[in-house]
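Below is one structure, written out as structure tokens, with a few remarks after it.
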Amino acid sequence: MPIRRSIVGIDSPDRLSIALRDAQYLADDSLATTAYLALALAKPLLLEGAPGVGKTEGAKAIASILGRQLVRLQCYEGIDSAHALYEWNYPRQMLAIRQAGAEYVNIYGDDFLIERPMLEALRHPRDTVLLIDEIDRADHEFEAFLLEFLSDFSISIPERGTIRAEEHPVVVLTSNRTRELHEALRRRCVYHWISYPEPAREAEIVMMRASQVAHDTARRVVEAVGALRREPLAKPPGVAETVEWAEAATLLHEQGAPWPSAFRRAIGVALKDQDDMMFMEPRLDEILRGVAA
Amino acid sequence: MTDALPRPLLPFMQFSALLRANDFSVAPEQTQSFVAAVGLLGPRSMEDIHRAALATIGPAPERREEFDAIFRLVFLGQTVAASTTSDMDDEEELEAFDDRDGGQEPPETDEMEESGGAPTGAERLFARQFGGLSENEALRRFRRQAPNALPRRKSRRLAPSKGRGRLDMRRALREAVRRDGELVRLPVLQRRDRRRRILLLIDVSGSMKNQTDLYLRFAHTLAQATDRLEVFTLGTRLTRITRALRRRSPDQALALASTLVADWDGGTRLGDALQAFLSVPRFAGAARGALCIVMSDGLERGDHTAMTDAMERLDRHAWAVLWLSPLAGEDGYAVETAALKSVLPHIDRLGDGSSVASVCGEVLGFERRLRA
């Protein structure tokens, strides 16, 4: 098992935590530890959690502290190797054959190969971070296909032979857990479950992410969002919603709306489901008054 | 084998073994990563070892407590006096040990399937066909016919096909190269069929007492027939029993399911239970695009707005809703209760759930009826 104790000068979870903070991402100790282990053990990092807790942001932050380009592969049902790995540029191949006439032409050269995210990460492992986003949306066939990629980091193209990564690329997988992933896939990864942040940390995140939100506003918004998350909602607000709500309310407040009503009018950025809205409507004012006091 | 290992490694091996005995899946490479991770982290504290264990073995969030209990047993039990753990933890630890000593399940025997179930003509009347069968015979027949008769949908995945469809450029080019640039026939791709997800919601309240056992046996058969299935019981609380029903032996599966469900024959507020189901995004996701089968008599005391709301939402999520009521089998049955009347607009069919045979018939014939 290849172990690299230090990667771009990051040789402990604490260092990583500090670097992530510099990249505007606040990770708790266990996430920093897990992410460090993933980098050090050269294994893919699997992040699971409710929508909007910052899984994708985490991958972006990791890419930015490593100084690498983030290559993102958004999963969906029916995604296949032509979308994930590579595709030949067929029209160009056809033209090349026509133009060549009787002469020999290699239609499987680099000119005709369209690199998709996974191949790109494989060919440039030192310059890229591969993000395989929302893997739970892909179907079982794609998951099975990933298994091979994630353990060997090699791809075989029938016309070209096998392409192997010089070193294990950094791979981050995210899942909203709408379904359970296969054990074999989980086993190949280093795993972390991201839960909603503690109120103090979330307030800190709001302060860091939002451009001009007062500390008090941040605290109130976090409190209100906490109250909403305790309700049985179909779409509980994520961290991104907290930040947006704080910003939206601040904007309205600057234009002259008093506090509870600024929150109230900006509710659309926090609750994004009609049923949830109807459900919360009767008690919303009470909750907002509570936090604005 | 463990004798040959260096002493510091023993707890790690023991930990993996204990996890496996408790039905966690731990691959050798995960143990290896765990050891490597602990080495990488120092470790400076027990917390580091714990984090390394979580990261490399990755237990599902709902099994965290179990996992932590086993962790404490192995790693803290040896370094810290047992008095630090509370009574409740002790109990859990005992269980963990029991399992290792003798709780390993016997290897499951492979039941041979009768090969090549007869193809079912779409025109066949399932209900009539299942009419006079005994329970076991009905379930066996259901198992045989399910692969062909359960609802299907178009997949997003493309596969080569002989008929019409989208042009398959890759094959076209290969064939063209083989024939000096000539194409004799255009190869095409077509969307494949795949089995639709099924969501089974079983009411286990007091009024359904006589049916629950039979419904669970049906659920088990269904779980064996398709892997795209989620099963929940609705009572005073919501219980997911899909995993339990995956066991092949019916006795094992049902025994496991009944230990999971803590609220047999209790009172129920069906509406609240459904609302609870819908409010967990992960569960509600199981209803999306699925055939949703509710097995309940729909007797809701008092106010039924919660139930109507929930069914309306469920209907919006699901591909179709089939409601099976044990009362619907009686002659001259008419929907009387206000609760059931109010949900009628949100269900696609109210079917007969009075016997295993009728349930099998309803489910197998559902797609055909819907299309008719």
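Just so we're on the same page: letters track the sequence lines, and every chain starts at 1.
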Take B/Arg243 and A/Glu180, measure what side-chain contact (heavy atoms from CB on, under 4.5 Å) needs, and give me the verdict at the end.
CA-CA 11 Å; B/Arg243 248 170 201 279; A/Glu180 265 168 64; 2.6 Å; yes

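- There is no contact between B/Ala276 and chain A, counting heavy-atom distances below 4.5 Å.
- In A/Arg137, the CZ atom is not crowded: 12 or fewer heavy atoms of neighbouring residues, nucleotides or ligands sit closer than 6.0 Å.
- The distance from atom CD1 of B/Ile57 to atom CZ of A/Arg187, rounded to the nearest 0.5 Å, is 13.0 Å.
- With a 4.5 Å cut-off on side-chain heavy atoms, A/Ile107 and B/Leu173 count as touching.
- Proximity to chain A is absent for every atom of B/Arg197, based on heavy atoms less than 4.5 angstrom apart.
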Decide yes or no on side-chain contact (heavy atoms from CB on, under 4.5 Å) for A/Thr34 and B/Thr56, but give the supporting numbers first.
CA-CA 8 Å; A/Thr34 311; B/Thr56 50; over 6 Å; no

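- Going from atom CD of A/Glu231 over to atom OG of B/Ser279 covers 10.5 Å, rounded to the nearest 0.5 Å.
- No part of B/Ala286 comes within reach of chain A, as not one of its non-hydrogen atoms sits under 4.5 angstrom from that chain.
- Other residues, nucleotides and ligands contribute more than 12 heavy atoms inside 6.0 Å of the CZ atom of B/Arg196.
- Contact of the B/Arg194 side chain with the A/Glu141 side chain is registered, since non-hydrogen atoms from C-beta on lie closer than 4.5 Å.
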Is there a side-chain contact (heavy atoms from CB on, under 4.5 Å) between A/Thr33 and B/His50? Walk through the geometry before answering.
CA-CA 11 Å; A/Thr33 308; B/His50 186 223; over 6 Å; no

Intermediate values then yes/no, side-chain contact (heavy atoms from CB on, under 4.5 Å), A/Lys43 and B/Glu29:
CA-CA 11 Å; A/Lys43 286 191 158 215; B/Glu29 63 186 87; 4.2 Å; yes

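- One finds the CG atom of A/Asp80 at 6.0 Å from the CZ atom of B/Arg157 (value rounded to the nearest 0.5 Å).
- With contacts defined as side-chain heavy-atom distances shorter than 4.5 Å, the pair B/Leu41/A/Pro13 qualifies.
- Proximity to chain A is absent for every atom of B/Arg64, based on heavy atoms less than 4.5 angstrom apart.
- With a 4.5 angstrom heavy-atom cutoff, B/Leu40 touches chain A via backbone and side-chain atoms both.
- Classification of B/Arg228 and A/Asp139 as a salt-bridged pair fails, no side-chain N sitting under 4.0 Å from a carboxylate O.
- Ranked by non-hydrogen atom pairs under 4.5 Å with chain B, the options A/Phe142, A/Tyr76, A/Tyr86, A/Phe279 are led by A/Tyr86.
- Taking chain B as the reference chain and counting heavy-atom pairs below 4.5 Å, the highest number among A/Asp29, A/Ile97, A/Leu233, A/Thr178 is found for A/Asp29.
- Here B/Met169 contributes atom CE and A/Met94 contributes atom CE; the two are 5.5 Å apart, rounded to the nearest 0.5 Å.
- Counting heavy atoms from C-beta outward, A/Pro51 and B/Pro281 have side chains that stay 4.5 Å or more apart.
- Per-residue heavy-atom pair counts under 4.5 Å with chain B were compared for A/Arg188, A/Glu159, A/Arg179, and the maximum is reached by A/Glu159.
- Contact tally against chain B (heavy-atom pairs below 4.5 Å) for A/Glu183, A/Arg5, A/Lys235: the top residue is A/Arg5.
- Taking each heavy atom of A/Leu41 and B/Ser33 in turn, the nearest pair found is CD1-O, 3.9 Å.
- Heavy-atom distances place no part of B/Ala284 under 4.5 Å from chain A, backbone and side chain included.
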Does the salt bridge (charged side-chain N to carboxylate O under 4.0 Å, His left out) test come out yes or no for A/Asp275 and B/Arg316, once each step is laid out?
CA-CA 12 Å; A/Asp275 288 324; B/Arg316 280 208 299 272; 2.6 Å; yes

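- Chain B forms more heavy-atom pairs under 4.5 Å with one residue of A/Ile79, A/Leu37, A/Asp136 than with any other, namely A/Leu37.
- Put simply, the side chain of B/Pro61 reaches to within 4.5 Å of the side chain of A/Arg177, judged on heavy atoms.
- Once rounded to the nearest 0.5 Å, the distance linking CZ of B/Arg171 with OH of A/Tyr90 reads 11.5 Å.
- The pair B/Arg313-A/Asp273 does not meet the salt-bridge criterion, since no charged nitrogen lies less than 4.0 angstrom from a carboxylate oxygen.
- In this structure, OH in A/Tyr191 is found 12.5 Å from CD in B/Gln30, a value given to the nearest 0.5 Å.
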